[in-house]
Amino acid sequence: MEFIDLKTQYKDLKETIDRRIAAVLHHGQFIMGPEIMELEKELALRTGSNHCIACASGTDALMIALMALEIRPGDEVITSPFTFIATAEMIALVGATPVFVDIEPDTYNLDPRLLRKAITPKTKAIMPVSLYGQCADIDAINEIAGDIPVIEDAAQSFGATYKGQQSCNLSTIGCTSFFPSKPLGCYGDGGACFTNDDALARKMRQIRVHGQDRRYHHPVIGFNGRLDTLQAAILLGKLTAFDGEVKKRAEVGARYTELLRKDVKTPTVPPHNTSVYAQYTVAVENRVVVQQYLQQRGIPTAVHYPISLHMQPAFAYLGLGKGSFPESEHAAERVLSLPMHPYLTAADQLRVANSLIECSKAVVAEAASRQ
């Protein structure tokens, strides 16, 4: 059983993807070739954004967004402590201070009810994460933010909707990732920024090519954040099947929830959200035992994420210790991601669910016997 099945996807899309790759090899414009602009137009259309700026990775997308907003040393940027390190890492790399706000226990996204207390005169941006494939409560976050720019870290949620609007087009800037395992992934690194602000879009386009607005003329400091033309071609090929895959992901997610919800804590997706299930993540007790049990039965799992960012050695300088963000810490000890992809069969899901339920009940029974 595959945790993420990219091989079947390629087999289904081989003719389209190979044709797209061959076109790039034929014209030879491997950097900023015509597929880049074609992809940007297609992605902007899908999200409803005025502008899409393709770039080299989701991490670069976050950096470009922060630089475009002129986040500097001494500034503060609010984000979640329960996410991949890239979110806070980019804040630190521009010299700003990551300020963490704890998560909601059901969605694992930043809790807007705690946001207002974290805002200070130094707060120059808010970067909520749309985790596991569904959006954070962006309306509440935008309202509290007021004039403070909001950057949606949508690395895991491209294709998801929030109150009928597409992820990546919900705030000042949306940033996503096309890492191979993402719902829309290329065959290497890739990412994109989205905005409806013309001035920000122009600046982000400059930043991704060393701050250049024309050859050898650099109005701003930037870096090499370009998406390869080959990766753009692969994404264009995959987009032909993306809507169908989003639908299948929803079906797989719903089936897991139906099979597991009576015995295991399953993902909570509010009625106003849809999820693309970048991961299908449950919460379990005694996770190590559960993982070993599933592994012995040929069922792969992963943990997203085992350590809250405020507990990472890299952020020790912030002086935050255990107990600072209890919901994030609680989640980090219990979350477990199950095999999730559009090609997962109902039979395989049943095998995963039955094994997980069997093990979870055994763990609970053992704990009860010790009391």
Side-chain angles (χ1 to χ4, degrees), residues 2-47 49 51-65 84 86 90 153-159 167-168 174-195 201 204-215 222-246 249 276 278 341-343:
E2 299 281 352
F3 186 74
I4 297 171
D5 189 356
L6 297 178
K7 296 175 184 176
T8 298
Q9 182 194 54
Y10 174 63
K11 182 180 178 181
D12 284 359
L13 298 175
K14 184 179 188 304
E15 182 178 348
T16 301
I17 292 174
D18 287 359
R19 176 170 49 80
R20 281 286 188 174
I21 291 173
V24 177
L25 296 177
H26 179 72
H27 66 57
Q29 298 177 54
F30 300 111
I31 302 296
M32 300 303 289
E35 285 80 3
I36 298 294
M37 185 174 293
E38 182 183 355
L39 177 67
E40 289 177 339
K41 288 181 178 179
E42 177 65 22
L43 296 179
L45 182 65
R46 281 177 170 267
T47 60
S49 303
H51 303 281
C52 170
I53 299 90
C55 56
S57 69
T59 303
D60 280 359
L62 296 175
M63 175 64 87
I64 289 169
F84 184 58
M90 293 302 100
D153 181 344
Q156 299 179 15
S157 60
F158 184 83
S167 178
C168 298
C175 299
T176 197
S177 168
F178 302 127
F179 186 78
S181 63
K182 294 298 191 283
L184 178 63
C186 52
Y187 292 157
D189 277 311
C193 298
F194 299 83
T195 189
M204 288 192 286
R205 291 188 190 282
Q206 293 170 359
I207 290 169
R208 74 166 171 186
V209 286
H210 301 285
Q212 178 175 278
D213 63 351
R214 59 186 184 274
R215 193 167 176 80
F223 62 97
N224 179 9
R226 302 169 300 204
L227 178 68
D228 290 343
T229 307
L230 277 169
Q231 300 300 342
I234 290 162
L235 289 167
L236 285 165
K238 286 193 174 190
L239 275 172
T240 62
F242 185 63
D243 290 338
E245 289 191 345
V246 169
R249 283 179 173 275
V276 288
H341 54 81
Y343 307 95

*Nearest heavy-atom pair of S181 and I4: which atoms, and what distance?*
CB-CD1, 3.4 Å
*Would T229 and H27 count as a side-chain contact (heavy atoms from CB on, under 4.5 Å) if you check the C-alpha gap in whole Å, the side-chain angles of each, and the deciding distance to 0.1 Å?*
CA-CA 11 Å; T229 307; H27 66 57; 4.2 Å; yes
_Inter-residue atom distance T47.OG1 - L45.CG, 0.5 Å rounding_ = 8.0 Å
*Say you draw a straight line from CD of Q231 to CD1 of I21; how long is it, rounded to the nearest 0.5 Å?*
8.5 Å
_Criterion side-chain contact (heavy atoms from CB on, under 4.5 Å) on L25 and F30, from CA distance to verdict_ = CA-CA 8 Å; L25 296 177; F30 300 111; 3.9 Å; yes
*List for me each residue that meets side chain to side chain contact (heavy atoms under 4.5 Å, CB included) alongside Q9, sequence neighbours excluded, and say none if there are none.*
L6, L13, K238, E245, Y343
*Taking all non-hydrogen atoms of both residues, which atom of A154 and which atom of C168 are closest, and how far apart?*
CB-SG, 3.7 Å
*First locate atom CD1 of I64, then atom SG of C175, and finally report the distance between them rounded to the nearest 0.5 Å.*
8.0 Å
*With sequence neighbours excluded, tell me which residues meet side chain to side chain contact (heavy atoms under 4.5 Å, CB included) with A233.*
R20, V24, E35
_F84/Q156 under side-chain contact (heavy atoms from CB on, under 4.5 Å): CA gap, chis, key distance, verdict_ = CA-CA 11 Å; F84 184 58; Q156 299 179 15; 5.5 Å; no
*When rounded to the nearest 0.5 angstrom, what distance separates CE in M32 from CZ in R208?*
3.5 Å
*asked:* What's the separation between atom CG in L184 and atom CG in L43, rounded to the nearest 0.5 Å?
replied: 7.0 Å
_Which residues pass the salt bridge (charged side-chain N to carboxylate O under 4.0 Å, His left out) test with R226, not counting sequence neighbours?_
none
*So which heavy atom on F194 is nearest to which on A44, and how close?*
CE2-N, 4.3 Å
*What do the steps show when you test F178 against D189 for side-chain contact (heavy atoms from CB on, under 4.5 Å), and what is the final call?*
CA-CA 6 Å; F178 302 127; D189 277 311; over 6 Å; no
_Where H341 and F3 come nearest, the two heavy atoms and their spacing_ = CD2-O, 3.6 Å
*Can you name the nearest heavy-atom pair linking A61 to A192, along with the distance?*
CB-O, 3.6 Å
*For V246, which residues count as a side chain to side chain contact (heavy atoms under 4.5 Å, CB included) partner, sequence neighbours excluded?*
F242, V276
*Minimal non-hydrogen separation, A201 against H51, with atom names*: CB-CG, 3.3 Å
*Of the options D228, L235, I17, which is the one that meets Y187 in a side-chain contact (heavy atoms from CB on, under 4.5 Å)?*
I17
*Mind checking side chain to side chain contact (heavy atoms under 4.5 Å, CB included) for K14 and listing every partner two or more places apart, or none if nothing turns up?*
Y10, D18
*Results of salt bridge (charged side-chain N to carboxylate O under 4.0 Å, His left out) for D243 - residues two or more places apart only*: R46
*Point-to-point distance, once rounded to the nearest 0.5 Å, from CD1 of I36 to CG of L236*: 8.5 Å
